[in-house]
Amino acid sequence: MATRCTWTRPLSLTRCCLLLLVLGGPGFFQSHAVEVDVKDLSNTTCIYAKWMMSFLIKYETNSSEYKNATLVPSSNVTHDGSICGNKTHAPLLAIQFGAGHSWSINFTKTNETYQGNVISFTYNTNDTVFKDAKTKGLINIVVNDPMRPVQLNTVYKCRHLESIEVANVSQFFWDVTMQVFVQNGTVSKNDSICDADKSTVAPTIVPTVANLTTAPVTTASSPQPTTIPKPVEKPFIGNYSLKDGNKTCLLATMGLQLNVSQEKPVLININPNTTHVTGSCGNTSAILRLNDSNRRFIDFTFAVKSTSANTPRFYLKEVNITLIKLINGSEPLNAGNNNLSAWDTFLGSSYMCQKEQTLVVTEDLQVHTFDLRIQPFRVEDNKYSKAEDCSPDVDNFIVPIVVGAALGGLVALVLMAYFVGHKKHRNAGYEQF
Ligand SMILES: *[C@@H]1O[C@H](CO)[C@@H](O)[C@H](O)[C@H]1NC(C)=O
Ligand SMILES: *[C@@H]1O[C@H](CO)[C@@H](O)[C@H](O)[C@H]1NC(C)=O
Ligand SMILES: *[C@@H]1O[C@H](CO)[C@@H](O)[C@H](O)[C@H]1NC(C)=O
Ligand SMILES: *[C@@H]1O[C@H](CO)[C@@H](O)[C@H](O)[C@H]1NC(C)=O
Ligand SMILES: *[C@@H]1O[C@H](CO)[C@@H](O)[C@H](O)[C@H]1NC(C)=O
Ligand SMILES: *[C@@H]1O[C@H](CO)[C@@H](O)[C@H](O)[C@H]1NC(C)=O
Ligand SMILES: *[C@@H]1O[C@H](CO)[C@@H](O)[C@H](O)[C@H]1NC(C)=O
Ligand SMILES: *[C@@H]1O[C@H](CO)[C@@H](O)[C@H](O)[C@H]1NC(C)=O
Ligand SMILES: *[C@@H]1O[C@H](CO)[C@@H](O)[C@H](O)[C@H]1NC(C)=O
Ligand SMILES: *[C@@H]1O[C@H](CO)[C@@H](O)[C@H](O)[C@H]1NC(C)=O
């Protein structure tokens, strides 16, 4: 295979290959698809890719605080250094954008499959989005691409949002169409749909297998909703679970509604039918990550604590929310609260709350839960254990009554025993038992 790329269309970019920046997307959403067609010396396509991406970067400011910055490849995108590859060099897809940022991925193949290998991302904190950054300069992160092998001569397609988080940088990808090792210069007509797009039917996520047990949606390629719905009704209740091997290790049932306050509060219901579950289980910490088809990530982190009475309890410690497609969203929103102590109950039990509850993430972001039942630890036989109910009736009212009734019953029993005993004694001579 030849090693240099050639121009195929007149574009005012500086070197080889063709890159189209497509500004588009429905409604208010500012979507920037990156499209790259890498060709070899004989004008034959070897890599074709079109995808959406954004980066969320945590950086330290000159006042020693941490802030988040968002980068979206949307201006001055070039693709210098992309190569088709040969026996000694792997194919490489490389782009440069904005004020000195760059991103690349190289690929490997076997006889049957190809897959991404190493992703390298370099961002430049001299960019004005980092204007108050403590340190200025280029920061590079390198991460292995978690993408699974794709059958050769098929086009990998994934509408679902995938994220990679490493070293204070979250990389988000969605609406990916890509073929590497294109044969005979013609992009294949056969697709390989990613598991996530299929997963509402057959979930297969590694390493912690997650599992959505709500009713499946029928098609993997139903069109993206193009507008943010305006739900005011109660959200649908979803059953979510995580598996560790064959064993269910986390169970959650809930309806979820986000209250995002921009100029005015907007309520967003999460549709469990199109929500994807990942996360991790552990003995003292567990994470449930819900990823809905509208690029919304909701992470729940659970922890275990020992009380003074030495009876361990679990609770919801942290909620993180990332909304890539915001209402009018040009900028993704990322917010978290790691100082919660909600849904607190005994380890080994499940926590239940039928009534609506509100988790305050930030001033501008709340999560409402409905018909909640959750068990992040010690799930036995794929079933919820006994539930502790959140109802204040149980805590403050029923318990004293129950205790009172039990005590009352005891007193009555003692009295009865006394009188019966006395009666028996008095009648002992007359009755034969
Ligand atoms: C393979 O590709 C690399 C990078 O484009 C190039 O430097 C090298 O000379 C090529 N090797 C052969 C044998 O074509
Ligand atoms: C490659 O194809 C484009 C049009 O598709 C043509 O303009 C160009 O001259 C070709 N280049 C070579 C080296 O064949
Ligand atoms: C931090 O950087 C900003 C932007 O350059 C500047 O306006 C501000 O004065 C700096 N603050 C400190 C404490 O240096
Ligand atoms: C990530 O942020 C933390 C502070 O939260 C900082 O201590 C650390 O150096 C950063 N890591 C990298 C790789 O930038
Ligand atoms: C590419 O061309 C070769 C030779 O013409 C042919 O054998 C092969 O089947 C083609 N591959 C595809 C995917 O069309
Ligand atoms: C969730 O699971 C429970 C128990 O299996 C079942 O009764 C309920 O109908 C399920 N809810 C949904 C929305 O699938
Ligand atoms: C949504 O959040 C805003 C701001 O915190 C609050 O004023 C409003 O009452 C909330 N709406 C609902 C339905 O909870
Ligand atoms: C989810 O799927 C079920 C069963 O297919 C359907 O009854 C329900 O309306 C769906 N919910 C939403 C929000 O689409
Ligand atoms: C939540 O966000 C914080 C800060 O951005 C981060 O340190 C933490 O790892 C996140 N937690 C999860 C579960 O993603
Ligand atoms: C979105 O933008 C339009 C026009 O700028 C504005 O009228 C509308 O209130 C905005 N919606 C939200 C939810 O911020």
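Side chains are part of it too, since the values below use all heavy atoms of this structure and drop only hydrogens, waters and symmetry mates. We count ligands from 1, going down the list as the structure has it; atoms in each ligand are counted the same way.
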- Message: side-chain contact (heavy atoms from CB on, under 4.5 Å), that's the test. Do D132 and E65 meet it? Break it down for me.
- Response: CA-CA 10 Å; D132 53 353; E65 286 172 343; over 6 Å; no
- Query: ligand 6 and T253, any nitrogen or oxygen pair closer than 3.5 angstrom?
  - Reply: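 No, T253 has no N/O under 3.5 Å of an N/O on ligand 6.
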- Mind checking what residues have non-hydrogen atoms under 4.0 angstrom from ligand 5?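 Only N153, Q183, N184 have heavy atoms that fall under 4.0 Å of ligand 5, ordered by chain and number.
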- Please answer whether the main-chain N or O of L365 pairs with a side-chain N or O of T362 as donor and acceptor at a distance below 3.5 Å.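 Answer holds: yes.
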- Report yes if some heavy atom in the side chain of V304 is under 4.5 Å from a heavy atom in the side chain of F377; otherwise report no. yes
- Query: Side chains of L93 and W51: does their closest heavy-atom pair fall under 4.5 Å?
  - Reply: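 Yes, their side chains come closer than 4.5 Å.
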- Classify the ring geometry between F130 and H101 as parallel (under 30°), tilted (30 to 60°) or perpendicular (over 60°).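 If you compare the ring of F130 with that of H101, the planes turn out perpendicular.
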Residue [X] vicinity, atoms of ligand 7 by number, heavy atom under 4.0 Å:
X    : result
H368 : 12 (C), 14 (O)
E363 : 5 (O)
S261 : 2 (O), 3 (C), 4 (C)

- Heavy-atom distances under 4.0 Å are what count here, so tell me which part of N239 touches ligand 6: side chain, backbone, both or neither.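 Side chain only.
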- Query: Any chance NZ of K131 has more than 12 other-residue heavy atoms, nucleotides or ligands included, within less than 6.0 Å?
  - Reply: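 No, not enclosed.
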- Query: Any chance CG of N62 has more than 12 other-residue heavy atoms, nucleotides or ligands included, within less than 6.0 Å?
  - Reply: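 Result for CG/N62: enclosed.
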- Message: Does the structure place the NZ or CZ of K234 under 6.0 Å from the centre of the six-membered ring of F370, at an angle of no more than 45° from the ring's axis?
- Response: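 No, K234 does not sit over the ring of F370.
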